[in-house]
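Lettering follows sequence order; numbering is per chain, from 1.
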Protein chains: 2
Amino acid sequence: MIVDRNSPIPQYYQLQNWLIEQIDLGVFKPGERIPTEEELVRITGLCRATVRQAISNLANLAYLKPRRRFGTFVLERNPDDRKKSIIGIMVPDIRSGCSSELARGAEDEAARNKHSIVLCNTDDLFFKAEYYADRLIKEHVTGVIYVPIADTEEKNRTIIERFRQHDIPVVLADRILPDLEIDYVTTDNFYGAYAITKHLLKKGHRRIAIIYNGLVSSERFRFEGYCKALQDNRIPLDESLISNPQTLFTEQVYSKSVLKILKQRKDHLAVFAAHDQIALLFYSIAREKKLSIPEDLSLVGYDNLPQIRAFSFGLTTIHQPIYEIGRKSIHVILSRLRDKRVKPKQIVLKSWLVERHSVQDLGVLRRNRRYSQTA
Amino acid sequence: MIVDRNSPIPQYYQLQNWLIEQIDLGVFKPGERIPTEEELVRITGLCRATVRQAISNLANLAYLKPRRRFGTFVLERNPDDRKKSIIGIMVPDIRSGCSSELARGAEDEAARNKHSIVLCNTDDLFFKAEYYADRLIKEHVTGVIYVPIADTEEKNRTIIERFRQHDIPVVLADRILPDLEIDYVTTDNFYGAYAITKHLLKKGHRRIAIIYNGLVSSERFRFEGYCKALQDNRIPLDESLISNPQTLFTEQVYSKSVLKILKQRKDHLAVFAAHDQIALLFYSIAREKKLSIPEDLSLVGYDNLPQIRAFSFGLTTIHQPIYEIGRKSIHVILSRLRDKRVKPKQIVLKSWLVERHSVQDLGVLRRNRRYSQTA
DNA sequence: TAAGTACATTTGTCCAGACAAATATTTCTT
DNA sequence: AAGAAATATTTGTCTGGACAAATGTACTTA
């Protein structure tokens, strides 16, 4: 019996389900005709209006296509067509920093999995992040890669909450919100910063300045790694060597930090720029002041951006596998789509030191001096 | 009279149109209730089933939302909601060259018009371009910004043809296919190259080498501009100073070109790198060979890429308004969506010389020499 | 044989009416 | 006064029937 007249389920709805079932079972194949309305009336015992209601609903859902005089046909349906396969990616600005590398990693992996990437540039601004969240929700994206904006944790939570309300999985990339139960992919910023600070210490540096952006989690972790390395070597923190503009990265603001640090220069100073763009800015300002690196100043960065890599001035820095973060983020989203209930995947990728020529080896100098003194 | 019973137009359809009209006129406002079915029966003289058919169709089209017991309500509707609003952008690689600037310009303008951008990286490869064309067609994008791949015109036509078959408008950005009746946005490469070559000539240079990529239209035009400038100054082309690897830009291949050009160095040589990335490669190889710019060699580029701008070594180059190309491309697509039949919009933006410090003024040297000789 | 005509089939449009289900409001009961 | 029950309203489901429109097929006619 196709339709149970005593069931509380509407009869047209029962018929709909039966039709879909027959299609799924292959009884009615794509391109073929289903029974005529009159036949269905006979089969089900319903009246024609009810049969028509079922058929018209399924036509609206793109299962069936009625053709006058010929009958009603099962539509060819590409299973990919019915489900969306778009993933949003919200980065600060595709033109700068790691964003393009991240986007490329995500895009490659998405393409491999027959998904597409919608690009959003937040400029680290809350109102833009809000706008794009709404847009992505409207586009019915299947998931979102979100690089948290350089703002309060609360604002970032607001953004994430919007997606959650629509049951859209979010994975944080690069920057994270430590207190949140959420998927993320990042790198070991603490140990990276620890390693590069230790590298400076090994080279004999004792006065190590740092410029970092306190608004982003990754750089806060880097600052902590820096502190720990100094602490482990019994070097007290020197506030005058720490600059932490609580604003977005802009040349104007960060130039001031650079100048402030440069004022502290006596003997040899090492500077840890918590990301490569700060390092680059530092380099160009130092150059203007006729200071050579590494002769007059040592400088290290963080990121190993390809744009900076191409420079002939060799910056010692920490390499972050940003492309890999993009790839992995897509993985995480796709696996979350398969299984919503699994506990958050929090992936921390390894980064490593890339030694180039921007750090002076004071140990050698000192040893040489000592040697020449004793000679 | 709302419904004309003698009209060949179905009565439910007439009622639908009337309802939509009332909504558009503001008689029935979003969030408010339309007349009950019983009232509509009275007003129209139709039977309730017919009224219901009209209402259910409009409910399917997201105009109305019936609520049992309360009536039927007009939905708050963003007119943009009903239609798709995704535009594909196919660039070689978001990480390099102008792609990110182009994408950002497009994305900003798209956002302003409540559209989204799907990112595709072709790597200048035909099979990837094919793949993404199919993907974008499947996603039912409303339009495509296509940066032609560095390959034959025929292959690019194939890609464009696929979109045309699905009635998806395509706008070429940056690179163009001159013989095609199609929308495009580009810059005046010929005059840009003419201007920068003339700039070198003005500075007293007579031996001007060029390295360019013959696979992309823009650089072919630049080569032509270079030739014209030399010709206008009665300087014969010197084949040994022209390098045109017929391959994609890679460091390995282009390094050979750079070395080939460097071999031709006697007296002072000027080099026109047809895009900034070649200039950067040239610079780093020259630096390895302990050659200074502009003292030993003059160098000019093309693009004025932000990544290069940030360098402290100041490259004289041609600024291209790439961001603007992205913005304008979106404009063109949106206007084409409004009116399919209008003739192709072919927009050529102005670019201009940005003079920095990578060109030696030989005129000054010569004048000085002459002066010292006469003295 | 070719063109036109009638026919049969199937979906499309429309009507008149009945009862069900949801739910705010009113009335009744305790 | 609080809770329960009845009521009224509106959409939801369903019946049974009629004619219209589209269109392939079979038949008729010149």
Side-chain angles (χ1 to χ4, degrees), chain A residues 1-20 22-23 28-75, chain B residues 1-20 22-23 28-75:
Chain A
M1 196 169 50
I2 296 168
V3 173
D4 175 4
R5 304 182 83 105
N6 298 319
S7 162
I9 298 162
Q11 296 167 41
Y12 76 93
Y13 198 78
Q14 294 182 46
L15 176 54
Q16 259 177 253
N17 285 338
W18 180 78
L19 287 167
I20 290 175
Q22 301 305 302
I23 292 169
F28 306 147
K29 295 193 189 73
E32 285 182 9
R33 228 187 60 169
I34 65 166
T36 65
E37 294 176 359
E38 212 48 61
E39 283 171 315
L40 287 173
V41 166
R42 267 209 315 282
I43 296 170
T44 58
L46 301 172
C47 75
R48 190 168 153 235
T50 306
V51 169
R52 277 184 69 70
Q53 191 173 1
I55 290 174
S56 107
N57 285 344
L58 291 183
N60 274 325
L61 292 172
Y63 277 95
L64 300 177
K65 176 76 191 168
R67 290 179 57 202
R68 195 172 255 182
R69 171 64 179 77
F70 297 108
T72 299
F73 294 80
V74 179
L75 282 181
Chain B
M1 194 169 51
I2 295 167
V3 172
D4 175 6
R5 303 183 84 105
N6 298 317
S7 161
I9 298 163
Q11 298 168 39
Y12 77 93
Y13 198 77
Q14 293 182 46
L15 176 55
Q16 258 178 252
N17 285 337
W18 181 79
L19 286 166
I20 290 175
Q22 302 304 302
I23 292 170
F28 306 148
K29 296 196 188 71
E32 286 182 8
R33 226 186 63 167
I34 65 167
T36 65
E37 294 177 359
E38 212 49 60
E39 282 171 313
L40 287 173
V41 166
R42 267 207 316 284
I43 297 169
T44 58
L46 300 172
C47 75
R48 190 168 154 236
T50 307
V51 169
R52 277 185 68 71
Q53 191 174 1
I55 289 175
S56 106
N57 286 344
L58 291 183
N60 274 325
L61 292 171
Y63 277 94
L64 300 176
K65 175 75 191 169
R67 289 181 56 203
R68 193 172 257 183
R69 171 66 180 79
F70 296 108
T72 300
F73 294 81
V74 178
L75 282 181

Check your understanding: Do any pairs count as a salt bridge (charged side-chain N to carboxylate O under 4.0 Å, His left out) and have a residue in residues 51-60 of chain B, sequence neighbours left out, and if so which ones?
Key -> B:Glu37-B:Arg52

Practice item. Go through the steps for B:Asn57 and B:Tyr12 under the test side chain to side chain contact (heavy atoms under 4.5 Å, CB included), then give the verdict. Key: CA-CA 9 Å; B:Asn57 286 344; B:Tyr12 77 93; 3.3 Å; yes

Check your understanding: Got a sec, which residues hit side-chain hydrogen bond (donor to acceptor under 3.5 Å, both in side chains) with B:Glu32, two or more places apart in sequence or on another chain?
Key -> none

Check your understanding: Given the rule that a pair is Watson-Crick or G-U wobble with both distances under 3.5 Å, how would you write DNA chain C in dot-bracket, using | for pairs to a different strand?
Key -> ||||||||||||||||||||||||||||||

Study note, to complete from the structure: By side-chain hydrogen bond (donor to acceptor under 3.5 Å, both in side chains), A:Glu38 pairs with (sequence neighbours left out) none

Revision key, fill the gap. The side-chain contact (heavy atoms from CB on, under 4.5 Å) partners of A:Phe73 (sequence neighbours excluded) come to A:Arg33, A:Arg67, A:Phe70

**Study point:** Sequence-aligned protein contact record of nucleotides 7-16 of chain D, with B where the base is within under 4.0 Å of a protein heavy atom and S where only the sugar-phosphate is
**Key:** -BBBBBBSB-

**Study point:** For B:Ser56, all residues meeting side-chain contact (heavy atoms from CB on, under 4.5 Å), sequence neighbours excluded
**Key:** none

Practice item. Would you kindly give the CD1-to-P distance between A:Ile55 and C:dT10, to the nearest whole Å? Key: 13 Å

Exercise for review: Could you grab the distance from atom NZ of B:Lys29 to atom CD1 of B:Ile23, nearest 0.5 Å is fine?
Suggested key: 12.0 Å

Practice item. Might you point out which heavy atoms bring B:Leu40 and B:Thr44 nearest each other, and give the distance in Å? Key: O-OG1, 2.6 Å

